[in-house]
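Remarks on the structure that follows.
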Protein chains: 2
Amino acid sequence: MQKNSIELDETDRALLTALQKNAYATGQELSDMLNLSASQIGRRRQRLEEAGLIMGYRARLDPARLGLDVQAFVQVQLARHGSDEGASFTRLLSTRPEIISAWTMTGEADYLLRVFCPDLQTLNRLIHEVLLVHRSVSRVHSQIVMDQPKGDAPLPV
Amino acid sequence: MQKNSIELDETDRALLTALQKNAYATGQELSDMLNLSASQIGRRRQRLEEAGLIMGYRARLDPARLGLDVQAFVQVQLARHGSDEGASFTRLLSTRPEIISAWTMTGEADYLLRVFCPDLQTLNRLIHEVLLVHRSVSRVHSQIVMDQPKGDAPLPV
DNA sequence: GGTGAAATCTACCTAGG
DNA sequence: CCTAGGTAGATTTCACC
């Protein structure tokens, strides 16, 4: 098992920020940016990966170009708060590819879902034929995303 | 300028899904997964990048291991809805690294912010000393994330 | 779809504090 | 003894066939 936390110096933070912006930044490019030899960049990078700080590398796609024109946040309230209902609802989440992310919040046992759909009709079908018919869902409120003034900034390391 | 949309076949979709899971998947690995030669994988990949479907590649970090233990969604309502107020608030967003993403929704001119902070105190300071004192902010409501039952699934291509 | 040159990564080695 | 920098073998990518 990895260590829970490791000491990060300024170079580590700069490296993490750079890799959050471009995972394909080459050792030489990073070397120039951070004033450190390419071999040390590789060594630090490996250390950060092994420590679990870097969980992986992903391609970022353009939803609009994929035809995913409707983006929404859906708040779901469960009728009862037993662990049974939660587990059942969590299973439902995993079966729906349109639901990209789901979070539970403090206070009430309700969920916030982030959803991508090709059109409004698909979103409405998801809400009415999937979420609202689930036995423990009591209320659903959805808000369509208009614009994204700030998107996917790097984590503040 | 790139084309607004291109035709995607099943292999393209599988490739996009694979790259969303692992940006460092090698041509040979993808070749085995998709039953296509490595050189064709590279060619398709290049086409998808040039078409703008793939916007980039990013490292994904573990917030907890970075000491970002508090994650929240903050809803902000602006007092007035002029373009001036919006622009001023958008500028504020760009100055705060704790705010990872921001969206505007249909209906009211309010913003949903996704925030990562090291502790509750930092979150409260952000809310009270940064957001609430901004001249056009009228109301702020924040919810702390407890758990993430589904996180960062690939876009449904 | 395949091949070869160019670039990049990674492990090992050497030097300095 | 630990951290930084350099070098060579192995992998991978990319332009061309």
Side-chain angles (χ1 to χ4, degrees), chain A residues 1-62 65-66 152 154-157, chain B residues 1-67 152 154-155 157:
Chain A
M1 184 56 191
Q2 305 103 330
K3 286 166 68 181
N4 264 349
S5 74
I6 62 173
E7 285 306 313
L8 296 178
D9 61 19
E10 274 315 304
T11 306
D12 288 320
R13 292 178 207 281
L15 179 54
L16 288 173
T17 302
L19 289 173
Q20 280 189 93
K21 291 178 187 156
N22 175 21
Y24 278 179
T26 183
Q28 189 55 54
E29 287 168 345
L30 295 166
S31 167
D32 295 340
M33 289 169 61
L34 307 188
N35 288 39
L36 193 69
S37 75
S39 47
Q40 286 299 357
I41 294 284
R43 185 174 301 240
R44 279 176 188 259
R45 193 165 166 167
Q46 194 168 31
R47 189 169 58 91
L48 294 170
E49 284 168 3
E50 282 165 3
L53 273 108
I54 298 177
M55 298 195 295
Y57 300 90
R58 292 192 167 183
R60 200 162 55 102
L61 307 189
D62 184 341
R65 283 215 168 77
L66 289 165
D152 296 315
L155 288 179
V157 292
Chain B
M1 182 54 190
Q2 304 103 331
K3 287 166 68 180
N4 264 348
S5 75
I6 61 174
E7 285 306 312
L8 297 177
D9 61 18
E10 274 315 303
T11 306
D12 287 320
R13 293 177 206 281
L15 179 54
L16 288 172
T17 302
L19 289 173
Q20 280 189 92
K21 291 178 186 155
N22 175 21
Y24 279 179
T26 183
Q28 189 55 55
E29 286 167 345
L30 294 165
S31 165
D32 296 340
M33 289 169 61
L34 307 187
N35 287 40
L36 193 68
S37 76
S39 47
Q40 287 300 352
I41 294 284
R43 187 172 297 251
R44 279 177 188 258
R45 190 165 169 169
Q46 194 168 29
R47 188 169 60 90
L48 295 170
E49 284 169 3
E50 283 165 2
L53 273 104
I54 297 177
M55 298 195 296
Y57 299 91
R58 293 191 166 184
R60 202 163 53 102
L61 307 188
D62 185 342
R65 283 215 168 78
L66 289 165
D152 295 315
L155 288 178
V157 293

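The sequence lines fix the lettering, A, B, ..., with proteins before strands; numbering per chain opens at 1.
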From C:dG1, C:dC9, D:dG5, nucleotide with atom closest to B:Ser39 side chain: C:dG1

Taking every heavy atom of B:Arg47 against every heavy atom of B:Glu7, the minimum-distance pair comes out as NH1-O, 4.0 Å

Name the closest nucleotide to the B:Thr26 side chain, picking from D:dG5, D:dT13, D:dC16. D:dT13

Locate the shortest heavy-atom distance separating A:Gly52 from B:Arg65; write the atom from each residue and the value. O-NH1, 3.7 Å

What nucleic acid atoms does A:Arg44 come within less than 4.0 Å of, heavy atoms only: base, sugar-phosphate, or nothing? sugar-phosphate

When every non-hydrogen atom of B:Ile41 is compared with those of B:Gly27, the smallest separation belongs to CG1-O, 4.3 Å

In whole angstrom, give the distance that lies between atom CD of B:Gln28 and atom P of D:dT11. 12 Å

Between C1' of D:dT7 and CD1 of A:Ile41, the distance in whole Å: 18 Å

Quick check: on DNA chain D, is the nucleotide nearest A:Arg43 upstream (toward 5') of the one nearest A:Tyr24, or the reverse? Name the residue that is more 5'. A:Arg43

What is the distance, rounded to the nearest whole Å, between atom CZ of A:Arg47 and atom P of C:dT10? 16 Å

Check the distance between D:dA4's P and A:Leu36's CG and give it to me in whole angstrom. 7 Å

What is the nucleic acid contact for A:Gln46, judged by heavy atoms within less than 4.0 Å: base, sugar-phosphate only, or nothing? sugar-phosphate

Just to be sure I understand the rule, does B:Leu30 reach a base, reach only the sugar-phosphate, or reach nothing, if contact means heavy atoms closer than 4.0 Å? nothing

Roughly how many Å is it from CD in A:Glu7 to C1' in D:dC2, rounded to a whole number? 16 Å

Would you classify B:Gly27 as touching base, sugar-phosphate or nothing, given that sugar-phosphate means primed atoms plus P, OP1 and OP2, and contacts are heavy atoms under 4.0 Å? sugar-phosphate

A:Gln40 CD to C:dC13 P, straight-line distance once rounded to whole Å: 17 Å

In whole angstrom, what separates A:Glu29's CD from C:dT8's P? 8 Å

Salt bridge flag under 4.0 Å for residues A:Arg13 and A:Glu10: yes

If you take all heavy atoms of B:Arg60 and B:Asp152, which pair is closest and at what distance? NH1-OD2, 4.0 Å

